[in-house]
**Student:** 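Just passing along the structure, written as structure tokens.
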Amino acid sequence: MIRSRFRQATLAVSACVLTLVSLTLIPSHFAVQAAQESPQQGPPPGGPPPGGMPRQMPKPTNLKVLPKDLTGKEVHDIMDKWAGQLGVHCNTCHAADPNRVGPNGRPMLNFPDDSKQEKKTARVMYKMVQDINSNYVMNLPNAKDPVTCGTCHRGHQKPEAFVPPPEENHPH
Ligand code: HEC
Ligand code: HEC
């Protein structure tokens, strides 16, 4: 009895966590749907505070694969994840703008600019991950964890080759 209540609670909690995970890990998937179904829809709850975004997070102007209605803050949150999962900084994909010097005396990054190959590659990667999740992984029965950049990259700019430890090659 108590056990089954506990199970119910656990299930409810996992459902919540699942929703949260999907929303944070594959926001694009949902946002794309939302964008297609109701282009008028405003920013989701937890979006920008009334009064607009801080100056450093202007509305994106050059999104080609992410949903175009994302706020500056939402794009930043996704970028933080990509950078973390690849173990890189923003300037791996974004070119410096020699004409704009930041408070630290270094050139600021031109985020909408498309000149770096890494940025173009990241777009291809993003589309690949969406395809993997929506057409394959998340269609599996009991699918729980979507593929992310980190699934392959694991903190490296280029995924490292996997070399199985010698023991695993022994036949049993
Ligand atoms: C792995 C490559 C990669 C890294 C690392 C990365 N970005 Fe991006 N960023 C992109 C790509 C690709 C786009 C364009 C997405 C699209 O076309 O929908 C983008 C778009 C943006 C935009 C929107 C520009 C516009 O106006 O269209 C901002 C702002 C941005 N990134 C900020 C950052 C910040 C801040 C960091 C570091 C925390 C960062 N990025 C790290 C690849 C990267
Ligand atoms: C299924 C595995 C996989 C996933 C998932 C994945 N990548 Fe990759 N990525 C690769 C492989 C493999 C390479 C190296 C290709 C090569 O040999 O140049 C790569 C290369 C890259 C590069 C170029 C690195 C360089 O120095 O040239 C960028 C940038 C990149 N990935 C970004 C991303 C981002 C951003 C995501 C998530 C949106 C992502 N990747 C998800 C497998 C993956």
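Each residue takes its place number in the sequence, starting with 1. Counting starts at 1 for both ligands and their atoms, following the listed order. No hydrogens, no waters, no symmetry mates; every other heavy atom, side chains included, goes into these values.
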**Student:** Consider ligand 2: state whether an atom of it lies below 4.0 angstrom from any non-hydrogen atom of Met128.
**Tutor:**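 Judged by the 4.0 Å heavy-atom criterion, Met128 does count as contacting ligand 2.
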**Student:** Any salt bridge linking Lys119 with Asp114? Criterion: basic side-chain nitrogen under 4.0 Å from a carboxylate oxygen.
**Tutor:**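 Yes, Lys119 and Asp114 are salt-bridged.
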**Student:** To check you understand the geometry: which heavy-atom pair defines the closest contact between Val147 and Val129, and what is its length?
**Tutor:**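 Distance-wise, the nearest heavy atoms are O-CG1, 3.4 Å.
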**Student:** Considering heavy atoms of the protein only, find what lies nearest to atom 24 (C) of ligand 2 and give residue, atom and distance to 0.1 Å.
**Tutor:**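 Looking at atom 24 (C) of ligand 2, the protein heavy atom closest to it is Gln157 O, 3.5 Å.
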**Student:** Looking only at distance, does Thr92 have an N or O less than 3.5 Å from an N or O of ligand 1?
**Tutor:** no
**Student:** Counting non-hydrogen protein atoms only, what is the nearest one to atom 28 (C) of ligand 2? Give residue, atom name and distance.
**Tutor:** Thr121 CG2, 3.8 Å
**Student:** With nothing but distance in play, are any N or O atoms of His89 less than 3.5 Å from an N or O of ligand 1?
**Tutor:** no
**Student:** Closest non-hydrogen protein atom to atom 9 (N) of ligand 1, residue and atom name please, with distance?
**Tutor:** His94 NE2, 2.8 Å
**Student:** Measuring from Asn133:CG to Leu140:CG, what's the distance to the nearest 0.5 Å?
**Tutor:** 10.0 Å
**Student:** Can you tell me how far the SG atom of Cys93 sits from the CD atom of Gln157, to the nearest 0.5 Å?
**Tutor:** 7.5 Å
**Student:** Atom CZ in Arg106, atom CG in Asn91: separation rounded to 0.5 Å?
**Tutor:** 8.0 Å
**Student:** Using distance alone, decide if ligand 2 has a nitrogen or oxygen within less than 3.5 Å of any nitrogen or oxygen in Trp82.
**Tutor:**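 So ligand 2 has no N or O lying under 3.5 Å from an N or O of Trp82.
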**Student:** Please examine the side chains of Cys90 and Phe111, heavy atoms only from C-beta on, and report whether any two atoms are closer than 4.5 Å.
**Tutor:** yes
**Student:** Does Lys59 reach the main-chain N or O of Leu70 with its side chain, forming a donor-acceptor pair under 3.5 Å?
**Tutor:** yes
**Student:** Short list, please: which atoms of ligand 2 are under 4.0 Å from a heavy atom of Val147?
**Tutor:** 5 (C)
**Student:** Between Asp97 and Asp113, is any pair of side-chain heavy atoms under 4.5 Å apart?
**Tutor:**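 No, side chains not in contact.
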**Student:** Closest non-hydrogen protein atom to atom 13 (C) of ligand 1, residue and atom name please, with distance?
**Tutor:**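 Result for atom 13 (C) of ligand 1: Lys119 CE, 3.4 Å.
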**Student:** May I ask you to identify the nearest protein heavy atom to atom 1 (C) of ligand 2, giving residue, atom name and distance to one decimal place in Å?
**Tutor:**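 The protein heavy atom lying closest is Cys152 SG, 2.7 Å.
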**Student:** Using heavy atoms and a threshold below 4.0 Å, how should the contact between Leu86 and ligand 1 be classified: side chain, backbone, both, or neither?
**Tutor:**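 Looking at Leu86 and ligand 1, just side chain atoms fall under 4.0 Å.
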**Student:** For ligand 1 and Lys64, I'd like to know whether there is a polar contact (N/O to N/O, distance under 3.5 Å).
**Tutor:** yes
**Student:** Would you mind checking which non-hydrogen protein atom is closest to atom 22 (C) of ligand 1, with the distance to 0.1 Å?
**Tutor:** Val75 CG1, 3.6 Å
**Student:** Working to the nearest 0.5 Å, report the span between NZ of Lys116 and OG1 of Thr92.
**Tutor:** 6.0 Å
**Student:** What's the spacing between His76 NE2 and Thr71 OG1 if we round to 0.5 Å?
**Tutor:**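 With rounding to 0.5 Å, NE2 (His76) is 10.0 Å from OG1 (Thr71).
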**Student:** Check each atom of ligand 1 against the heavy atoms of Asn62 and keep those under 4.0 Å away; list them by number with element.
**Tutor:** 17 (O), 25 (C), 26 (O), 27 (O)
**Student:** For atom 6 (C) of ligand 1, which of Glu118, Met79, Lys116 has the closest heavy atom?
**Tutor:** Met79
**Student:** Calculate, to the nearest 0.5 Å, the distance between atoms NE2 and CD belonging to His153 and Glu160 respectively.
**Tutor:**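 Separation between the atoms: 12.0 Å.
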**Student:** Taking the side chain as every heavy atom from C-beta outward, state whether Met79 and Leu66 have any atom pair closer than 4.5 Å.
**Tutor:** yes
**Student:** Measuring from the heavy atoms of Val129, does anything fall under 4.0 Å of ligand 2?
**Tutor:** yes
**Student:** Of the choices Lys158, Met125, Gln130, which has the non-hydrogen atom that lies closest to atom 32 (C) of ligand 2?
**Tutor:**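 Residue with the shortest heavy-atom distance to the ligand atom: Met125.
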**Student:** Nearest heavy atom to atom 34 (C) of ligand 2 wins, so pick from Ala161, Cys149, Pro159.
**Tutor:**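 Selected option, by shortest heavy-atom distance: Cys149.
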**Student:** Which of the listed options, Cys90, Pro58, Pro112, Ala83, holds the heavy atom that is closest to atom 38 (C) of ligand 1?
**Tutor:**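 Shortest heavy-atom distance from atom 38 (C) of ligand 1: Cys90.
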**Student:** Could you tell me whether any N, O or S atom belonging to His153 is less than 2.8 Å from atom 8 (Fe) of ligand 2?
**Tutor:** yes
**Student:** Would you mind running through ligand 2 and noting each atom that sits below 4.0 Å from a heavy atom of Thr148?
**Tutor:** 5 (C)
**Student:** Taking N or O atoms only and a 3.5 Å limit, does Leu66 qualify as a polar contact for ligand 1?
**Tutor:**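 Such a contact does occur with ligand 1.
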**Student:** Return the residue, atom name and 0.1 Å-rounded distance of the protein heavy atom closest to atom 17 (O) of ligand 1.
**Tutor:** Arg123 NE, 2.5 Å
**Student:** Counting only non-hydrogen atoms of the protein, does one fall under 4.0 Å from atom 15 (C) of ligand 2?
**Tutor:** no
**Student:** So which heavy atom in the protein is nearest atom 2 (C) of ligand 1, and how far is it from that ligand atom?
**Tutor:** Cys93 SG, 1.8 Å
**Student:** Looking only at heavy atoms, which two atoms of Pro107 and Ala96 are closest? And how far apart?
**Tutor:**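 That would be CB-CB, 4.0 Å.
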**Student:** Before giving the answer on salt bridge (Lys or Arg N to Asp or Glu O under 4.0 Å), spell out for Lys73 and Asp77 the whole-Å C-alpha distance, their side-chain angles and the decisive distance to 0.1 Å.
**Tutor:** CA-CA 6 Å; Lys73 166 87 168 71; Asp77 289 348; 2.8 Å; yes
**Student:** Report the part of His76 in contact with ligand 1, treating N, CA, C, O as backbone and CB onward as side chain, heavy atoms under 4.0 Å; options are side chain, backbone, both, neither.
**Tutor:** side chain
**Student:** Minimum heavy-atom separation for Pro146 and Thr151, please, with both atom names.
**Tutor:**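 For Pro146 versus Thr151, the nearest heavy atoms are O-OG1, 4.4 Å.
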**Student:** Students should be able to answer this: which protein heavy-atom is nearest to atom 26 (O) of ligand 1, and at what distance?
**Tutor:**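 Sorting protein heavy atoms by distance from atom 26 (O) of ligand 1 puts Thr61 N, 2.8 Å first.
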**Student:** May I ask you to decide whether Asp131 forms a salt bridge with Lys127, counting only side-chain N to carboxylate O separations under 4.0 Å?
**Tutor:**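 A salt bridge is absent here (no side-chain N lies under 4.0 Å from a carboxylate O).
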**Student:** Checking contacts here: is it the side chain or the backbone of Phe111 that comes within 4.0 Å of ligand 1, counting heavy atoms only? Could be both or neither.
**Tutor:**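 The answer is both, backbone and side chain.
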**Student:** Between Val88 and ligand 1, which part of the residue brings a heavy atom under 4.0 Å of the ligand: side chain, backbone, both or neither?
**Tutor:**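 Under 4.0 Å from ligand 1, Val88 contributes side-chain atoms alone.
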**Student:** Looking only at non-hydrogen atoms, find the nearest pair between Arg100 and Leu109 and report the distance.
**Tutor:**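 Looks like NH1-O, 3.8 Å.
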